[in-house]
Amino acid sequence: MTVRRAALAVAGVELLHLAPAAVRLTAVRRTVARRTAGYGTEPRHVALTFDDGPDPGSTPDILDALDVIGARATFFLLGTMLERAPDLGRELVTRGHEVAVHGWHHRQQWYPAPARDLRELRRTAEAVTGICGAVPRWYRPPYGVRTAGPALAARRLGLRTVLWTAWGRDWTGHATAESVHATARPGLTGGATLLLHDSDCTSAPGSWRATLGALPLIADHCRSHGLTLGPLRDHGVP
């Protein structure tokens, strides 16, 4: 094989690996990839989801706030974080929340590595099952970048990939409770999936406090529009 043909072959493999990332495009999410985006069939339900925990420095406060507003959520866990805080992982389930897979590390999977992708997702799924005592149903790739390797690994492990349809941009250093609420509000409609974070391990330090403050505002908005906040298991994802 010539150098040119080899380069074209490598480029072709990388293109196939990156092709599923097109689901991040708004037009794709709203049309051909509604299921992966997280649009549910329950017309009055908003799926509340959190990424990057469990974090002993922030998740307990998020859990207490959820108790106050009377909502349950789906937590997409990082294996590295769960390994450091197993008791908190178990507490999520004890308090009625759903646990899901976010990967072992929080990193972008730009280059094909199918064996690694399967190994790391299996390790995370097994940790969630073994530590939390609940079998995960969902997978969300870090940064919402869905590439072929992790997507195929998730399918092989029986995990459904779900992204989001609304977010609060709560990971930034200038986020406030009001800004998180204002950013999320236009997307808070029936069947939406909301992305928030219960940890700042990959975000601006202390940004989780903006999320904490936004939760009552988001809950009030949903109540005033006849919407219910809850986990993905109640969302009717087709």
**Q.** From CZ (Arg44) to OG1 (Thr228), nearest 0.5 Å
**A.** 8.5 Å

Q. Do Leu92 and Leu78 share a hydrophobic cluster, counting only Ile, Leu, Val, Met, Phe, Trp and Tyr and linking them when any side-chain heavy atoms are less than 4.5 Å apart?
A. no

Q. Judged by atom type as modelled, is there a donor-acceptor pair below 3.5 Å linking the side chain of Thr74 to the main-chain atoms of Leu232?
A. yes

Q: State whether the side chain of Ser207 and the backbone N or O of Ala204 hold a donor-acceptor pair below 3.5 Å, judged by distance alone.
A: yes

**Q.** Donor-acceptor pair, side chain of Glu98 and main chain of Arg233, under 3.5 angstrom
**A.** yes

Q. In terms of hydrophobic clustering (I, L, V, M, F, W, Y; side-chain heavy atoms under 4.5 Å; direct or indirect links), are Leu217 and Leu196 co-clustered?
A. no

Q.
Surrounding CZ of Arg223 (heavy atoms of other residues, nucleotides or ligands, distance under 6.0 Å), is the total greater than 12?
A. yes

**Q.** Evaluation steps, salt bridge (Lys or Arg N to Asp or Glu O under 4.0 Å), between Arg72 and Asp67
**A.** CA-CA 8 Å; Arg72 296 296 174 262; Asp67 282 346; 3.4 Å; yes

Q: For residues 197-230, pull every pair meeting ring-ring contact (aromatic ring centres under 6.0 Å, His included), keeping only residues two or more places apart or in separate chains.
A: Trp171-His197, His221-His225

Q: Would you check, one step at a time, whether the test salt bridge (Lys or Arg N to Asp or Glu O under 4.0 Å) holds for Arg95 with Asp64?
A: CA-CA 10 Å; Arg95 293 175 74 162; Asp64 289 343; 2.8 Å; yes

Q) Could you give all pairs that pass the salt bridge (charged side-chain N to carboxylate O under 4.0 Å, His left out) test and reach residues 50-62, with sequence neighbours left out? A) Asp51-Arg140

Q) Roughly how far apart are Asp220 CG and Leu215 CG, rounded to 0.5 Å? A) 11.0 Å

Q.
Tell me whether Thr147 contacts the main-chain N or O of Gly149 through its side chain, where contact means a donor paired with an acceptor under 3.5 Å.
A. no

Q.
How close do Ala85 and Pro54 get, counting heavy atoms only, and between which atoms?
A. O-CG, 4.0 Å

Q.
Tell me whether Ser58 contacts the main-chain N or O of Asp198 through its side chain, where contact means a donor paired with an acceptor under 3.5 Å.
A. yes

Q | Nearest non-hydrogen partners of Val180 and Ala175, listed with the distance | A | CG2-CB, 4.2 Å

**Q.** Thr94 side chain to Arg90 backbone, donor-acceptor under 3.5 Å
**A.** yes

Q.
Quick check: is Ile69 connected to Ile218 through a chain of hydrophobic side chains (ILVMFWY, heavy atoms under 4.5 Å apart)?
A. yes

Q | Min side-chain heavy-atom separation Thr80-His105 under 4.5 Å | A | yes

Q. Below 4.5 Å, heavy atoms only, C-beta onward: do Thr161 and Pro141 meet side chain to side chain?
A. yes

Q | Gap separating the CG atom of Leu88 from the CD1 atom of Ile131, nearest 0.5 angstrom | A | 11.0 Å

Q. Do Met81 and Val128 belong together in a cluster built from hydrophobic side chains that touch within less than 4.5 Å?
A. no

**Q.** Partner of Thr193 by side-chain contact (heavy atoms from CB on, under 4.5 Å), out of Trp167, Trp164, Tyr39
**A.** Trp164

Q: Decide yes or no for Phe75 and Leu63: does some side-chain heavy atom of the first lie under 4.5 Å from some side-chain heavy atom of the second?
A: yes

Q. Going through the checks in order, is the side chain to side chain contact (heavy atoms under 4.5 Å, CB included) test met by Leu82 and Cys132?
A. CA-CA 9 Å; Leu82 180 59; Cys132 301; 4.0 Å; yes

Q) Going from CZ on Arg169 to CG on Leu195, what distance comes out if it is rounded to the nearest 0.5 angstrom? A) 11.0 Å

Q. What are the two closest heavy atoms between Tyr139 and Phe76, and how far apart are they?
A. C-CE2, 3.7 Å

Q: Please name the pair of heavy atoms, one in Gly206 and one in Asp200, separated by the smallest distance, quoted to 0.1 Å.
A: N-OD2, 2.7 Å

Q | Distance (rounded to the nearest 0.5 Å) between Trp138 CH2 and Leu163 CG | A | 12.5 Å

Q: Please list, chain by chain and in numerical order, all residues satisfying salt bridge (Lys or Arg N to Asp or Glu O under 4.0 Å) with Arg185, sequence neighbours excluded.
A: none

Q) Would Arg123 count as a cation-pi partner of Trp104, with NZ or CZ less than 6.0 Å from the six-membered ring centre and within 45° of the ring normal? A) yes

Q: Considering non-hydrogen atoms only, spot the tightest contact between Thr176 and Ala210 and give its length.
A: C-CB, 3.6 Å

(Q) Please report the interatomic distance CG(Leu48) to CG(Leu66), rounded to the nearest 0.5 Å. (A) 6.0 Å

Q.
Restricting to non-hydrogen atoms, name the atom on Leu212 and the atom on Ala65 that form the minimum distance, rounded to 0.1 Å.
A. CD1-CB, 3.6 Å

Q: Ignoring hydrogens and angles, tell me if any N or O in the side chain of His235 forms a donor-acceptor pair with the backbone of Gly38 under 3.5 Å.
A: yes

